[in-house]
Amino acid sequence: MSNLELGFWSFPVLLIMVFMRAPIGLSMLLCGFAGWYFAMGGNPNVLLNKLKSETYSQFSSYSLSIIPMFLLMGQFATLSGMSTALFKAAESFLGHRRGGVAMASVGACAGFGAICGSSLATAATMSKVALPELRRYGYSGGFSTATLAAGGTLGILIPPSVILVIYAILTEQNIAKLFLAAFIPGILAAVGYMLTISIYVRLYPKSAGTRPPQPMSERWAALGKTWPVLMIFGLVVGGIYLGWFTPTEGSAIGAAGTGLVALLSGSLNWSVFRDSLFGTARTTAMIFFIVLGAGFYNSFLALSGVPQYMADWVLAQGYSPWFVLSIILVFYLIFGCLMDSLSMILLTVPIFFPVISAMDFGMSPEHVAIWFGILVLIVVEVGLITPPVGMNLFIINAMDRETPMSETYKAVMFFVGSDIIRVIILVMFPAITLFLLPA
Amino acid sequence: MIHRAIRTLAQATAIMGGLVLVALILLMTLSIIGRSLNKLLHSDLAAQWIAGPSQWLLDLGIGEVQGSYELLEAGVAFAIFSFFPICQLYGAHATVDIFTSRLPARLNRGIVAFWEVVLTAALILISWRLYEGMQRYIGNGETTFFLQFPVWWSYSASFVASVVICIVALYCAVMRVGESLSGRALLPTA
Amino acid sequence: QEVTLRLHQFLPPQANVPKLVLDVWADSVEEDSGGRIKVERYPSMQLGGKPPELMDQAIDGIADIVWTVVGYTPGRYPSTEVFELPFMMTNARAVSRAYWEMFETHMKDTEFKDVHILGTWVHGPGLIHANKEIRKPSDMEGLKIRGGSRLANALLEKVGATPVGMPVPAVPEGLSKGVIDGTTIPWEVTAALKIPELVENHTEFTGNALYVLTFVLAMNKDRYESLPDDLKKVIDDNSGVEFSVFAGGTQADSDGPARQAAADRGNNIVTLNAEETAEWKAVAEPIYAEWVAEMDEKGIDGQALIDEARMLIEKYTE
Ligand code: NA
Ligand code: NA
């Protein structure tokens, strides 16, 4: 069998393993092992030698060290009560409107996303704060959980974002520029979700309650308590963009800053500190095992020549770039129903990116790379809330024991619809994504 | 009894890694503060108004922590290796269970046990090769670029953590097989 | 074809060395073998790992051939550093020729015994690019400069600058945001990094260059030995001293257009005369003694290497 055939055969094998419930990182690692083994004519020496440095090399990465730091930052932010402060502020301004508490949850998610690099962490954290409140004001279980699941995706859409870091490394793009480009689409997402909420409560008036408005003084007081979030976001994202420090340094500053706020707020004792380390540890190890497996598998794919072959093949067909892009995005939407976003990015970007880079969208290669990155980011994030496998749906539904999964599924489809409309807009108008970038 | 020992081991290792991570965060933060101060003290304004004190501070060596990125790379590798045991213990690796979830529970436990055994084998293979990698660097005198400390130092720190990974993974594999045979949950999930 | 060789390196395919040196080499090998050898090219570390691991990848057979910067693995190939000493290099062709000669006599069976070396070369003269005019060593005082090599960093410390470690791709951002005040790099690389748009002052030296990096093109030893004699001959004919001089020369030839581009922008290119350069050499002098002492610890006669390198470079420099 030629290396190219080996490469193509590895796809079905990998998918079968994944769907047979093998850990995703393990599936990619084993396919990479097998690929290198057979490509070397059944000689295990190269494979064994490669493993001597592969693991350490993947884990000792300056750019990837952002990930544990942003995760720890999210943990500290939760401890220091920033999530509560954000929700209270948003709720005091919006809570009296119809669907207002849900809108406030989305707003708070957007705020928390600005200091947290992970969707799951944002969803879980904000749910702890907002879910009881939503239920208290008479919001239906399905609507409440769906709102928070969708709001959670803002954790990744609004910079800083772990997935964008991975994308930047895979495609050798500038992390700061990707963060900047994600900003407007992230805000659009939040606005889109709020619109969705207002439509939903008109269609299903019984799904939301109301409460009397709060005096303005209380609202401003609540808003005032969110200053640490604003300060840290400004420092981290602003500092990265202005070049005061690298994204890695920015993640360290952010973690140190939130840690300090948590310490000053008096909530950081040894036992919660320990728990935040454990939380960071579990997610970090989970991510890096996938990174390791994907790195190994991708080096085999490069060896097999599959990405180059695919890019050449697509070009030879003479399809319109926009058609190819649409197919790829639809592919992500479908696969997002089954797989988690990080695995998908690591698995597919090395194959799709060469295809997209080879096409002419009438923009500079860098702009295409950034725009494609943001589009991919959004469609894989939609995967977090599309039934049946949506990690955000699982996490939040598990926090609300009275709500059956089917109700969450039903309500979340409105938010998925809003996501799809936004993707179409961003595809049609690349300028929205690229607007903030320096020319 | 043994479960407690393994859990303590995994948690202690995660805390070690976490403390290293926190130390790196502080190092980076200090480095940036040092760099900013250094820039400020070198500025024309500082030279004009506080020339004496600013020179004194500069002579103290206020500035970026040189080679901090090498310490970061070595430290973060150790931290990540140290984070694996606790991930392993709680079965926190990402999986897709949409298709298997329709199968009977007993079969599911069998599948989980099977992959746990394969995963453990892979992790042991990784640790063994990491050991070989460390051996190579011990022999060849390679150092880092900036601080010029031997590369094998960082390898050996990571290797120690990977030994813990193997111990915890082996224990988990045995317990998962036990779960599939007895039909009872033996390992924690949260 | 009957033999496929995997060539792995860290730069993107359109960069100067892959395009003008490695592709030329690979095409020539393919052609001379009558199509019996195919060289598969893997740029940008596609086969995995980080650049410092390239040498081990060649030793281990993960790639059959690698191109790498020897200084990426500090401490492992100490003898090559003799060419990296400040103000040792004159021009890339002469130094590459001397490098190959000394490689054959001193390094082939010792430091490089685990690989089959196909070529040894250096890039064109390394010089200083900074946000202020640099004439005297004291002009460097307090500046934060990215140094290109271990020994370039040593020199920066001697002149009172702070060497900053950062990967080459990070240099433009570092310069534009003032994280560094300058960088040492050969002209050839400045075009891709847009250095002349970021800083306006460039300082060249007369006679000898500030610093230089040593490269090798290395092949897996067993792979080479396993080739039939006629294919070995194809590889041999394309490798060695002439290839090394070609590679170094070609890389240095790209300096000219890049320098012209900076001049066309109206940048301030300072070429220090022999007298001014001597001032810098005096500051760098202690580095030689320090290096000899370091080599002594490794059981290498550093002074003999310096003397021989100087003699050969002088001989080959027109
Ligand atoms: Na975020
Ligand atoms: Na999904």
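This one's a predicted model, so the numbers in the text were calculated from it and none came from an experiment. Quick note on labels: first sequence line is chain A, next is B, and so on, each numbered from 1.
Using a 4.5 Å cut-off between heavy atoms, A:S61 contacts chain B through its backbone alone, with no side-chain atom that close. At a 4.5 Å heavy-atom cutoff, the contact between B:L119 and chain A is made by backbone and side-chain atoms alike. Using a 4.5 Å cut-off between heavy atoms, B:E70 makes no contact with chain A at all. Both the backbone and the side chain of A:L51 come within less than 4.5 Å of a heavy atom of chain B. Proximity to chain A (any heavy atom under 4.5 Å) is restricted, for B:I111, to the side chain, taken from C-beta onward. With a threshold of 4.5 angstrom between heavy atoms, A:L292 approaches chain B through side-chain atoms but not through N, CA, C or O. For a residue to count as touching a neighbouring chain, one of its non-hydrogen atoms must lie under 4.5 Å from one of that chain's; by this rule B:L72 touches chain A with the side chain only. Contact of A:L72 with chain B is made through the side chain alone, with heavy-atom distances under 4.5 Å. Using a 4.5 Å cut-off between heavy atoms, B:L123 contacts chain A through its side chain alone, with no backbone atom that close. Contacts of A:L30 with chain B are made by side-chain atoms alone, with heavy-atom separations under 4.5 Å and no backbone atom involved.
The aromatic rings of A:F289 and B:H93 sit tilted, their planes meeting at an angle between 30° and 60°.
Heavy-atom pairs under 4.5 Å with chain A were tallied for B:A92, B:A94, B:C87, B:A79; the largest tally goes to B:A94. Most heavy-atom pairs under 4.5 Å with chain B, from the set A:P23, A:A22, A:A252: that is A:A22. Interface remark: of the candidates A:F33, A:Y62, A:F245, A:Y62 forms the most heavy-atom pairs closer than 4.5 Å to chain B. Each of B:T29, B:V76, B:I80 has some count of heavy-atom pairs under 4.5 Å with chain A, and the biggest count is that of B:I80. Most heavy-atom pairs under 4.5 Å with chain A: of the set B:Q88, B:Q135, B:R35, this distinction falls to B:R35. Put simply, of A:M286, A:E249, A:M17, the one with the most heavy-atom pairs under 4.5 Å next to chain B is A:E249.
For the residue pair A:L277 and B:G18, the shortest heavy atom distance occurs at CD2-CA, 3.8 Å. Taking all atoms of both residues into account, the shortest heavy-atom contact from B:I86 to A:A281 is CG2-CB, 3.8 Å. Summarising the geometry of B:A122 relative to A:L29, their closest heavy-atom pair is CB-CD2, 4.5 Å, with the distance given to 0.1 Å. Closest of all the heavy-atom pairs between A:Y56 and B:S154 is OH-CB, 2.9 Å.
A heavy-atom distance below 4.5 Å is not found between the side chains of A:F19 and B:T100. Between B:F81 and A:T55 there is a side-chain heavy-atom pair separated by less than 4.5 Å.
With hydrogens and angles disregarded, no donor-acceptor distance shorter than 3.5 Å links the side chain of A:R21 to the backbone of B:F99. A donor-acceptor contact shorter than 3.5 Å links the side chain of B:W115 to the backbone of A:M20.
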**Study point:** Candidate pair A:E54 and B:R129, rule side chain to side chain contact (heavy atoms under 4.5 Å, CB included), full reasoning
**Key:** CA-CA 9 Å; A:E54 187 85 5; B:R129 295 324 291 169; over 6 Å; no
Check your understanding: How far apart are the C-alpha atoms of B:M28 and A:I253, what are their side-chain angles, what is the distance that settles it, and do they pass the side chain to side chain contact (heavy atoms under 4.5 Å, CB included) test?
Key -> CA-CA 8 Å; B:M28 302 284 280; A:I253 294 250; over 6 Å; no
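Ring to ring, A:F59 and B:F84 are close: their centroids are under 6.0 angstrom apart.
No more than 12 heavy atoms of other residues, nucleotides or ligands sit less than 6.0 Å from atom CE of B:M16.
One distance of note links CH2 of B:W128 with CG of A:L48; it measures 5.0 Å at 0.5 Å rounding.
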